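Worksheet: the structure to be examined is printed underneath.
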Amino acid sequence: MVVKIISNIPYLQQLNGEHRVVEKTTVKAFLESLGIKWDEDALVVLNGKISTGQEKLKENDRIQLLIPLAGG
C-alpha cells in the first residue's frame, strides 16, 4: 500500500513523496520507522486532521509534517 508524505519542515523534506507501508501500520509506527520522534520532531496531519498517531494507515493517505509549535 502507498501513502504520501508532504513535509513543510526544511530538515525533513527528503521524506516528501510516496512511501510503501504494510497494512494496519499506525501513523506513529510508520513515522518512527523513518526516524521521526512522535510529538517531538513534527506536528502530524493525516488527511487534513491532526493525527493522534493511533490511526491505521490506508491506501492513498496523505501525511503532512508541520513544524511543532509550543507557546503560552
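This is a predicted model, so every value here is computed, not measured. Worth knowing before you read on, the calculation uses all heavy atoms, side chains too, and leaves out hydrogens, waters and symmetry mates.
- Contact between Lys56 and Lys24 at its shortest, heavy atoms only, is CD-O, 3.3 Å.
- Cluster membership for Leu31 and Val45, using ILVMFWY side-chain heavy atoms within less than 4.5 angstrom, is not shared.
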Under the criterion side chain to side chain contact (heavy atoms under 4.5 Å, CB included), I'd like the reasoning laid out for Ile6 against Arg62: C-alpha separation, chi angles, the key distance, then a yes or no.
CA-CA 7 Å; Ile6 302 162; Arg62 291 175 46 115; 2.8 Å; yes
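- Atom OG of Ser33 is separated from atom NE2 of His19 by 9.5 Å, given to the nearest 0.5 angstrom.
- Around the CD atom of Glu23, the shell of radius 6.0 Å holds no more than 12 heavy atoms that belong to other residues, nucleotides or ligands.
- The minimum heavy-atom distance linking Asn8 with Gln64 is given by the pair OD1-NE2, 2.8 Å.
- Cluster annotation: Leu12 is not connected to Leu43 through the hydrophobic network of ILVMFWY side chains, with a link wherever side-chain heavy atoms come within less than 4.5 Å.
- Between Ile5 and Leu65 the shortest heavy-atom distance is CG2-CD1, 3.9 Å.
- Hydrophobic clustering of Ile, Leu, Val, Met, Phe, Trp and Tyr side chains at less than 4.5 Å, counting indirect connections, keeps Leu66 apart from Val27.
- The structure places CD of Glu55 at 9.5 Å from CD1 of Ile63, a figure rounded to the nearest 0.5 Å.
- Looking at every heavy atom in both residues, Gln13 comes nearest to Ser7 through NE2-O, 3.4 Å.
- For the pair Glu32 (side chain) and Phe30 (backbone), a donor-acceptor distance under 3.5 Å is absent.
- Hydrophobic clustering of Ile, Leu, Val, Met, Phe, Trp and Tyr side chains at less than 4.5 Å, counting indirect connections, unites Tyr11 with Val44.
- Ala42 approaches Pro68 most closely through the heavy-atom pair CA-CD, 3.9 Å.
- At least one side-chain heavy atom of Gln54 sits less than 4.5 Å from a side-chain heavy atom of Lys28.
- For Asp61, the side-chain contact (heavy atoms from CB on, under 4.5 Å) partners are Val3, Leu46, Asn47, Leu57, Lys58, not counting sequence neighbours.
- Side-chain contacts under 4.5 Å among hydrophobic residues (ILVMFWY), followed directly or transitively, place Val2 with no other residue at all.
- Under the 4.5 Å side-chain heavy-atom criterion for Ile, Leu, Val, Met, Phe, Trp and Tyr, Ile50 and Ile67 are members of distinct hydrophobic clusters.
- In this structure, Ile36 and Leu15 have side chains that are in contact, with non-hydrogen atoms separated by less than 4.5 Å.
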